[in-house]
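For reference, the structure is listed below as structure tokens.
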Amino acid sequence: MAQLINGREIAKQVRQETAVKVAALKERGVACGLAVVLVGENPASKVYVRMKQKACAEVGIYSEEHKLPETTTREELLTLVDQLNADSKIHGILVQLPLPDGIDELEVLSRVDPKKDVDGFHPINVGRLSIGEDTLVPCTPAGVIEMLHREDDSIQGQKVVVLGRSNIVGKPVAQLFLRENATVTVCHSRTKDLAAECRQADILVVAVGRPAMVKREWVKPGAVVIDVGINRVDDALVGDVDFDSVSEVAGRITPVPGGVGPMTIAMLMSNTATAADASS
Ligand code: GUN
């Protein structure tokens with residue numbers, strides 16, 4: 001049976017260390033601040049935003065929530081982003097995705113000051129990551145790497161297969177693994193013989209948004225399996241990996257819930273402290 005990688009515990013450690021950093025910044029007269037912008041009524045987004053506010057309170061970060069109606073115009077949203085860019089209390093700005101239809105996400109994300117871009121979604125930060133420069137890195141991918149570091153899993157030279165090529169997870173996590181000197185393959189819906197590709201992986205990262213898609217035959221015995229999926233199926237949360245069968249062959253595996261999920265918010269706290277530190 002695979003060993004579980006306990007994301008809740010690791011995330012707690014990250015939050016505790018961030019709280020120490022936030023307190024040290026306060027001593028130096030810098031009170032870390034995060035603004036979260038939520039447009040519309042997406043129920044999952046509302047839950048995430050509430051969890052982000054709670055985490056801020058726990059680590060001592062000042063937080064503001066800006067809730068805008070579904071009918072918000074592009075101009076109104078860009079004006080708010082401009083105000084937050086200019087606000088010295090705010091070191092991190094997070095615009096919760098998805099935005100309502102009709103608002104160009106790239107335009108909005110590109111308006112955020114790259115120094116306050118704690119999501120790492122601004123094209124400048126995406127570019128900096130791709131050329132291996134130090135930068136603010138998307139929270140879920142950063143959380144995946146942080147988990148493996150803290151579990152002492154070696155990454156260098158390992159064969160990593162990433163299933164999924166989204167801008168939020170697949171592409172940035174592939175870049176991060178490359179920065180860690182792994183050999184990285186990115187697979188997607190058009191990949192031929194997905195199972196055979198996945199079976200090559202020493203570390204398999206799955207971020208496709210399809211419940212229980214990865215089966216035991218897709219996994220090399222002893223591999224580390226990181227499940228980024230969070231899918232609601234009949235009232236239960238399930239990952240993209242068929243946990244029961246895959247955990248019989250994997251060496252280590254992240255559960256859902258309690259795996260990668262808590263790491264995302266912990267890394268958001270850490271990124272906010274990093275942005276505040278760099279601004280002072
Ligand atoms: N929606 C789903 N994941 C994320 C994330 O990491 N950041 C933001 N801003 N929106 C999201």
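In each ligand, atom 1 is the first atom listed, and ligand 1 is the first ligand listed.
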At less than 4.0 angstrom from any non-hydrogen atom of L94, what atoms of ligand 1 do you find? 9 (N)
Does atom CG of D193 have more than 12 heavy-atom neighbours from other groups under 6.0 Å away? yes
May I ask you to check whether [X] has an N/O atom sitting below 3.5 Å from an N/O atom of ligand 1?
X    : answer
T140 : no
I168 : no
V95  : yes

Write out the residue and atom name of the closest protein heavy atom to [atom], then the distance separating them to 0.1 Å.
atom                    : answer
atom 10 (N) of ligand 1 : L97 N, 3.0 Å
atom 11 (C) of ligand 1 : Q96 NE2, 3.5 Å
atom 6 (O) of ligand 1  : D119 OD1, 3.8 Å

Do the side chain of Q200 and the main chain of V161 share a donor and acceptor less than 3.5 angstrom apart? no
For the backbone of V208 and the side chain of D240, can you confirm whether one donor and one acceptor N or O come within less than 3.5 Å of each other? yes
Table please: side-chain donor-acceptor pairs of residues 267-279 below 3.5 Å, with sequence neighbours left out.
from, atom 1, to, atom 2, distance (Å)
N271, ND2, V118, O, 2.9
N271, ND2, V137, O, 2.9
T272, OG1, L268, O, 2.8
T274, OG1, S270, O, 2.9
D277, OD1, R28, NH1, 3.4
D277, OD1, R28, NH2, 3.4
S279, OG, A276, O, 2.7

Begin from the C-alpha positions of D227 and I253 and carry the test side chain to side chain contact (heavy atoms under 4.5 Å, CB included) through to its verdict. CA-CA 8 Å; D227 189 352; I253 188 167; 5.8 Å; no
Measure across G60 and K26 and return the closest heavy-atom pair with its distance rounded to 0.1 Å. O-NZ, 3.5 Å
Check each heavy atom of F121 against ligand 1 and say whether those closer than 4.0 Å belong to the side chain, the backbone, both or neither. side chain
